[in-house]
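Everything below concerns the one structure shown next.
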Amino acid sequence: MRDADVPTAEFRGFDHPDPARTFIETREYPVVVKADGLAAGKGVIVCKTKQEALAAVERIMVKEEFGRTAGRQVVIEKRLDGEELSVLALVAGRTIIPLAPTQDHKRAFDNDEGPNTGGMGAYCPAPLGTPAILNEIEAHALVPTVHALKRKRTPFRGVLYAGVMVTNQGPRILEYNCRFGDPELQPVLMRLKTDLFELLLATAEDRLSEFEDKLEWDPRSAVCVVMASAGYPGNYPKGKLITGLEDAAQLPNVKVFHAGTKLDGGHVMTDGGRVLGVTALGETLAEAKKNAYDAVAKINFAGAHYRRDIADKALKGMTKHE
Ligand code: GLY
């Protein structure tokens with residue numbers, strides 16, 4: 001991001017805990033500590049105090065809670081205030097096609113409380129992603145990033161997923177992933193009418209320009225509620241019987257995406273932290289939310305945990321940047 005001059009938080013990388021601790025001690029602002037490696041979406045620790053930040057360095061680098069590789073380096077950055085937005089874009093050559101904007105819900109519990117997770121629910125389109133904000137993200141983040149990668153002779157083709165914080169000063173990029181977002185993609189796919197296979201094939205074959213301004217969307221809203229195992233994102237049990245999937249499948253405009261499940265003797269069992277992405281369309285965001293939770297109510301497994309406030313930020317008009 002620095003190379004491409006993309007607006008992001010002030011940050012520094014460390015490969016030893018001592019200078020990381022000194023950096024934290026000398027900051028005048030709250031920080032976020034990130035394990036510099038794959039950590040199943042859990043390697044970002046948003047800290048309120050210096051003590052929390054020091055503990056995060058301990059967990060990542062000393063105790064290596066997120067694994068050896070992810071524990072070798074940390075990135076410590078200034079904590080930004082605002083609302084998060086996920087923008088997933090398809091990229092091939094010069095063509096960049098952002099998909100409809102979504103909002104994830106990273107914390108485990110309602111009202112954005114509890115630890116960070118891989119994502120507990122999402123909705124699409126996110127009103128926070130106004131055309132003006134999306135244009136800014138494209139012009140100041142996606143375009144310069146794609147150009148910088150090309151200049152480095154590592155041209156990018158695939159999904160560029162920008163994790164954005166929409167601050168009072170404008171959008172800031174928190175992170176990039178080169179994959180789709182989970183659960184963000186579920187509500188996106190409920191609405192995307194263009195053939196996903198053709199779209200991905202065109203991306204892979206560098207023909208994405210054929211789809212420029214041609215994506216077709218269902219105008220309705222979609223909401224995805226993640227049903228997780230008890231204890232997630234910490235330790236959780238597996239092998240719990242899931243019931244009610246057939247009942248949920250009977251509901252119109254509902255699709256249940258399987259994540260941490262497995263088939264065992266004809267029964268569907270839990271087999272991961274995030275188990276199901278229960279997703280529904282509705283004429284309005286409120287109706288999509290209701291439809292998704294009606295489907296969730298049909299499904300059961302021991303210890304099932306889910307947030308009850310997915311999409312509420314938009315519904316309660318808490319979106320500050322419309
Ligand atoms: N939901 C966040 C992610 O896919 O990284």
Side-chain angles (χ1 to χ4, degrees), residues 1 6 8-9 32-46 60 66-67 70 75 77 80 82-91 98-110 112-126 128-129 137 141-142 145 156 158-166 171-192 196 200 222-229 232-234 236 255-260 272-279 292 305-307 309-314:
M1 285 195 244
V6 166
T8 187
V32 175
V33 183
K34 297 176 166 180
D36 189 2
L38 294 178
K42 299 174 217 161
V44 174
I45 305 176
V46 181
I60 297 171
F66 302 102
V75 172
E77 58 184 45
L80 297 177
E83 262 202 69
E84 279 191 56
L85 189 69
S86 300
V87 178
L88 317 177
L90 293 170
V91 175
L99 303 178
T102 62
Q103 190 173 54
D104 191 11
H105 295 63
K106 295 247 165 49
R107 302 297 189 112
F109 309 124
D110 287 6
D112 290 339
E113 285 177 11
N116 254 2
T117 68
M120 295 298 291
Y123 60 94
C124 174
L128 178 65
I137 292 168
L142 300 177
T145 301
F156 184 71
V159 179
L160 188 58
Y161 157 170
V164 183
M165 184 68 86
V166 180
R172 300 283 181 270
I173 307 302
L174 298 176
E175 61 171 14
Y176 278 122
N177 291 298
C178 34
R179 56 166 175 79
F180 282 124
D182 176 10
E184 291 98 314
L185 190 63
Q186 287 87 317
V188 170
L189 287 186
M190 292 297 274
R191 300 188 57 238
L192 182 70
L196 180 69
L200 297 184
V223 170
C224 171
V225 178
V226 169
M227 296 184 75
S229 296
Y232 173 81
Y236 50 81
K255 186 160 179 64
V256 179
F257 292 84
H258 286 235
R274 291 186 295 166
V275 177
L276 300 166
V278 182
T279 315
H305 158 69
Y306 55 89
R307 279 181 61 158
D309 63 346
I310 303 302
D312 277 2
K313 263 189 208 148

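Both ligands and their constituent atoms are indexed starting at 1 by order of listing.
Considering both main-chain and side-chain atoms, Asp104 comes within under 3.5 Å of ligand 1 through a nitrogen or oxygen pair. Between Glu175 and ligand 1, not a single N/O pair is under 3.5 Å apart. Here's the thing with Asp182: one of its N/O atoms is less than 3.5 angstrom from an N/O atom of ligand 1. An N or O contact shorter than 3.5 Å links Gly118 to ligand 1 by distance.
Residues Ser86 and Glu184 bring a donor and an acceptor atom of their side chains to less than 3.5 Å of each other.
Residues Met120 and His305 meet the side-chain proximity criterion, which asks for heavy atoms closer than 4.5 Å. Side-chain contact between Val159 and Leu90: present, with at least one pair of heavy atoms (C-beta onward) separated by less than 4.5 Å.
Under the 4.0 angstrom criterion for non-hydrogen atoms, Pro183 is in contact with ligand 1.
Listed by chain and number, the residues in a side chain to side chain contact (heavy atoms under 4.5 Å, CB included) with Phe156 are Val91, Leu149, Leu160, Cys178 (sequence neighbours excluded).
Heavy-atom proximity to Gly181, at under 4.0 Å, picks out these atoms of ligand 1: 4 (O). Counting the atoms of ligand 1 from 1 in the order shown, those under 4.0 Å from a heavy atom of Arg179 are 3 (C), 4 (O), 5 (O). Each of the following atoms of ligand 1 lies closer than 4.0 Å to a heavy atom of Asn177: 5 (O). The contact set between ligand 1 and Glu184, taken as ligand atoms under 4.0 Å from a residue heavy atom, comprises 1 (N), 2 (C), 4 (O).
Exactly one residue among Leu99, Thr102, Ile173, Ile137 makes a side-chain contact (heavy atoms from CB on, under 4.5 Å) with Val87. That residue is Ile137. Across Gln103, Lys313, Lys106, a single residue satisfies side-chain hydrogen bond (donor to acceptor under 3.5 Å, both in side chains) together with Glu84, and that is Lys106.
The backbone N or O of Asp182 sits less than 3.5 Å from a side-chain atom of Arg274, completing a donor-acceptor pair.
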